Amino acid sequence: IIFYIFSTLYFQLSFSPLVPQENAGQFFSSGHTNNWAVLVCTSRFWFNYRHVANTLSVYRSVKRLGIPDSHIVLMLADDMACNHRNPKPATVFSHKNMELNVYGDDVEVDYRGYEVTVENFLRVLTGRLPPSTPRSKRLLSDDRSNILIYLTGHGGNGFLKFQDSEEISNVELADAFEQMWQKRRYNELLFIIDTCQGASMYERFYSPNLMALASSQVGEDSLSHQPDLAIGVHLMDRYTFYLLEFLEDIHPSSKANMNDLFKVCPKSQCVSTPGHRTDLFLRDPGSALITDFFGSVRKVEITMETINLTEPIQQRQKETYSYVDQLPVSEIIHQKPKQKDWHPPDGFILGLWTLILLVFFKTYGMKHLKHIF
Amino acid sequence: IIVGVPLWWRTTETYRAWLPVSQINELSNLQLQLSAEVEVVFARGTVTPEQQKKVPLTQIQDEEHTVDGDLFINAVCLVVTKIRRLQGNICLKCVFSRGHSFEVQDMDVYVGQRRTALLRIGAQMRVGKTLDQLLAHLEPRIKQVLQVMSFSHTDISAALSDRVRLSPGNKESIADSMRTFKSSPGYEITFSLLNPDPKSHRLHWDIEGAVQTYIQPLLTKLASVANFSIDSQTLYYAMLGVNPRFDSSLSAYTLHSDSLAHVINPVEARLGSNAASSNPVLNFLLYVPDAHHSPLYIHDRKKQEVPSNAFHSPRWGGIMVYNVNGFYGPEAVFPVDVNINMAKVMGVFLAQLRLLLGVQSSTAPSGFLVAPCGSNGLADWELDRLMWSRSVENVATATTTITSLAQLLEQIGNIVINDNIAEQVSSAVTSLQLAVAELETGNLRFALQYSKEAILASERAFFDPSLLHLLYFPDDQKFAIYIPLFLPMCVPILLSLLKIVSDARQKRREKQAKKD
């Protein structure tokens, strides 16, 4: 997708007016320059193997279509590949007969195990992370980023269960997206959820440029696809299984659009009815390409001009650094101990002293108190 | 009750420091006024002395522009005819001169490297004409120069696009706004050398010297706009990911422009970035094709060779293909030592850097001749232009942040507002007001500084980790806690109260009966 600009500063050339190309329409139709993905699996325990496999298969498709690890925030609540009950360690399969190992060799999990909490998820979305958080755990999107958010796990009418102990409600999710919009942290956002009664999670959205897909309507359960007898658990959920099948046919230069995505997994294949919501999306879904969200097709412009540099490179003295000089060793050695604030004595010390005083006065009787006071 | 209720109230209320809400609401109805000063110099022989005496000393031109009905921008232009150097203000000079100093016949305006523009005065104006006609001839031309060298309606609208999302109007400005990085306090620039074939080529590039000589002057000049940190790396066995086609007519390999979009992704995974900072990264890649696929040329849509052999991606960086097969013959012993010509490479990277940072303007109107930028890589007026748009962008972003933060905090009554957040918000509001005032008077440097302070404070306040509404209890959960505790206690109290009331009533009735 190329756009031409005949630039002005090309030495003493005369100027020609701007010539837009035929594909200029394509350049402007999506309006995004980078892609991000936030993929979350919220369930623990071995029997929720399928949720991890769901998330990892979406991760795999998204990476294959071009989004690099630095732009993917992958949150897995449990480790299935190295689980003690996994008969094939270091693998997570998505199809029975172990056809497709979605774990691979270069999975980069950003939030793992107990770090996958509602709080961390909301912090990632809104950007309110403590300053010590490394770059790989942040969602550094700007106003020209298209973000794909994929949630899977156990859910209900209006909530999604995290780690078997807490929930995120659809109101909180809608508020988080609104805060993202206020700070222009996304250009367009595609929200996919594969849980029971998933459609309830996107009912409350009110920010612009959101498109949502869910695997089942309110009152319906999302069902899993098939168990594998060797591994002993269900491997994938139906919606994500057919979604993965659909995505396997997409390659980076594909022109398939969102209307094809809505047709994935009809009621005959998934027993539940998948739903979608596009009223908040400003463009026509038919003009939004699958690769706008799942892939990372960069816009490219040819560099038409150069600058003529004539100065020779200055010869500088090569400075050699020694390791010792780069560490403030003297500062570290001669550090003064930090002033600690005085706290009143802790509960245990207080209790101990009270006990001693009581015992003292009990043994010696109350008359002595009169002498003291 | 007298003691308990206030005590309970104090201990369970959330601490909310005071925020200047009225000032924040004022900010949301922002009226920006931008003023630029222009000094107009008439060279000898252009206007007669009588005309010169009659031209007014200062003239202010106001232009009002509305952006989405929300913001009003006035572009104010002061025209001073005396040759007087104004202290401390950055001002443009428009020098009118006769035609013979222009070599090229079509050019009417020559824009210099500093802040001077040389305008050719029309032949018909040399003859004595009335004052109004002279002014009518001068003003639109000065306005045009001002639009090119300082700011124009499209520039400011693009800078405000964060606050007001515009419908696609001018395709040029949209491409510009999509390409340039958003205003940020710091940027990271990474230069990478990709060598897919270390068995054949041993590449040497003096990146430190090249950066010091060519790139650093530009960055030093831009130091008031942002901080830059530069690093470099060499990647071996990094493939392009796209198969180039062999063109027998050129006996070279070609990369068609359609496939360029897919080049970046396989490489980006290996590029890496500084884990400690969250600044946007500009990547500049130098790709040396392997010996079997040399030489490699990039072709545009019309199947013509691109002279720079480079392309760039908006908000990401640039890639240049550098062919080294010309440096050695077929009988060379592999691996061959190759010294890369850094001047040529940096020429391309510098041009791409200027585009990505928003320094480059797209097109000048016809009749303008712009001097090539100097050894700094940046003309003074280009820096001014950048500073105008950055200041406006910063002010708009900071305003949006503060107003949406105030709205959010009002909506969710349970969030604790710590003192440091209130401090940041207050300082952001003050800096914003100062920045708007400086923009009005045209002090660019101060305006940019204040706007940067405003942005830093507002971002710190908005993204403070403690502002998470999840951590605070909504009202229905509060009731759920208190009811099981207080309801059993309240029942006997209420019943006894009722008993007291009924007893008192009965006594009163008895008293009444006794009286009667």
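No experiment lies behind these values; they were computed from the predicted model shown. Reminder, nothing fancy here: chain letters follow the sequence lines and each chain counts from 1.
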Of the backbone (N, CA, C, O) and the side chain (C-beta and beyond), which part of [X] lies under 4.5 Å from a heavy atom of chain B, both, or neither?
X	result
Leu129(A)	backbone
Asn34(A)	neither
Ser253(A)	both

Tell me, yes or no, whether the heavy-atom count around [X] atom [atom1], taken from other residues, nucleotides or ligands under 6.0 Å, exceeds 12.
X	atom1	result
Lys137(A)	NZ	yes
Arg138(A)	CZ	yes
Tyr206(A)	OH	yes

Calculate, to the nearest 0.5 Å, the distance between atoms [atom1] and [atom2] belonging to [X] and [Y] respectively.
X	Y	atom1	atom2	answer
Lys63(A)	Asn265(B)	NZ	CG	12.5 Å
His312(B)	Arg298(A)	NE2	CZ	13.5 Å
Asn309(B)	Thr306(A)	CG	OG1	11.5 Å
Leu408(B)	Gln179(A)	CG	CD	4.5 Å
Ser278(B)	Arg135(A)	OG	CZ	6.5 Å
Asp142(A)	Arg315(B)	CG	CZ	5.0 Å

Under 4.5 Å from any heavy atom of chain A, what part of [X] do you find: side chain, backbone, both or neither?
X	result
Val306(B)	side chain
Phe349(B)	neither
Asn279(B)	backbone
Leu271(B)	neither

Original post:
Are Arg123(A) and Phe463(B) in a cation-pi contact, defined as NZ or CZ under 6.0 Å from the six-membered ring centre and within 45° of the axis?
Top reply: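 Negative - Arg123(A) is either too far from the ring of Phe463(B) or too far off its axis.
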
Could you tell me whether the side chain of [Y] reaches within less than 4.5 Å of the side chain of [X], counting heavy atoms only?
X	Y	answer
Lys182(B)	Arg184(A)	no
Pro314(B)	Glu301(A)	yes
Ile302(A)	Leu260(B)	yes
Lys299(A)	Arg179(B)	no

Original post:
Which atom pair, heavy atoms only, marks the closest approach of Pro131(A) to Pro465(B)?
Top reply: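 In terms of heavy atoms, the two residues are closest at CD-CG, 4.5 Å.
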
**OP:** Count the heavy-atom pairs under 4.5 Å between each of Ser313(B), Ser259(B), Pro266(B) and chain A, then report the option with the highest count.
**Re:**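 Of Ser313(B), Ser259(B), Pro266(B), Ser313(B) has the most heavy-atom pairs under 4.5 Å with chain A.
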
Subject >> Residues Arg354(B) and Glu305(A) bridged, charged N to O under 4.0 Å >> reply: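 Looking at Arg354(B) and Glu305(A), the cut-off is not met.
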
**OP:** Kindly indicate, with the supporting measurements, whether the criterion side chain to side chain contact (heavy atoms under 4.5 Å, CB included) is fulfilled by Ile67(A) and Glu268(B).
**Re:** CA-CA 9 Å; Ile67(A) 304 187; Glu268(B) 183 168 8; over 6 Å; no

